[in-house]
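A quick write-up on the structure given underneath.
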Amino acid sequence: QKTLSIVSTVCSALGDPVRISLLDLVSRTGPNGICKCNLVAPLQRSEPTISHHLEVLRQAGVVSARREGTWL
């Protein structure tokens, strides 16, 4: 039952074309990752939209995130 729930969550997260594109871009960046601000232009989406989609992928366990520095 738990496995089915995990699979369902991941499939749901990957059910959006923007998130598939995000996953593709992120997976090609290597071990250091990429700043979400650098995903805006390639995907032609606003930063809040990118943030939302990355959060959905993160909650599903598809990507991880780390914070480096703070914007004031």
Side-chain angles (χ1 to χ4, degrees):
Q1 190 70 16
K2 185 173 181 166
T3 301
L4 184 58
S5 176
I6 293 169
V7 170
S8 175
T9 300
V10 170
C11 288
S12 178
L14 296 176
D16 186 290
V18 173
R19 291 194 280 268
I20 294 289
S21 297
L22 267 172
L23 184 59
D24 178 54
L25 287 170
V26 169
S27 69
R28 291 189 279 133
T29 62
N32 293 327
I34 187 170
C35 178
K36 66 181 172 185
C37 64
N38 294 324
L39 298 169
V40 172
L43 294 172
Q44 300 179 350
R45 300 289 192 276
S46 68
E47 193 165 338
T49 298
I50 298 295
S51 293
H52 165 74
H53 287 296
L54 284 171
E55 180 62 16
V56 171
L57 291 171
R58 190 193 62 75
Q59 288 178 350
V62 178
V63 298
S64 61
R66 71 178 184 275
R67 195 169 206 176
E68 291 184 9
T70 303
W71 288 87
L72 300 176

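Heavy-atom basis, side chains included; hydrogens, waters and symmetry copies ignored. Only a predicted model underlies this, so the values are computations on that prediction, with no experimental measurement involved.
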Practice prompt. Begin from the C-alpha positions of L39 and L54 and carry the test side chain to side chain contact (heavy atoms under 4.5 Å, CB included) through to its verdict.
Written response: CA-CA 10 Å; L39 298 169; L54 284 171; 4.1 Å; yes

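- Residues I34 and V26 are in side-chain contact: their nearest non-hydrogen atoms beyond the backbone lie under 4.5 Å apart.
- Note that CD1 of I50 is 4.5 Å distant from CG of L43, once rounded to the nearest 0.5 Å.
- Tracing side-chain contacts under 4.5 Å through hydrophobic residues (I, L, V, M, F, W, Y), one never reaches V10 starting from V56; they form parts of separate clusters.
- In this structure, L57 and A13 approach most closely via the heavy-atom pair CD2-O, 4.0 Å.
- For the atom pair SG (C11) and CG (L4), the distance works out to 9.5 Å, reported to the nearest 0.5 Å.
- Partners of D24 by side chain to side chain donor-acceptor pair (under 3.5 Å), not counting sequence neighbours, listed by chain and number: R28.
- With sequence neighbours left out, S8 forms a side-chain contact (heavy atoms from CB on, under 4.5 Å) with no residue at all.
- Summarising the geometry of P42 relative to L25, their closest heavy-atom pair is CB-CD1, 4.0 Å, with the distance given to 0.1 Å.
- Under the side-chain hydrogen bond (donor to acceptor under 3.5 Å, both in side chains) criterion, the residue pairs touching residues 50-63 are R19-H53, K36-S51, E55-R58, E55-Q59, with sequence neighbours excluded.
- Looking only at side-chain heavy atoms (C-beta outward), R45 and V40 stay at 4.5 Å or farther from each other.
- For I20, the side-chain contact (heavy atoms from CB on, under 4.5 Å) partners two or more places apart in sequence, or in a different chain, are L14.
- In this structure, the side chains of L22 and D16 stay at 4.5 Å or more apart for every pair of heavy atoms.
- For S46, the side-chain contact (heavy atoms from CB on, under 4.5 Å) partners are P48, T49, not counting sequence neighbours.
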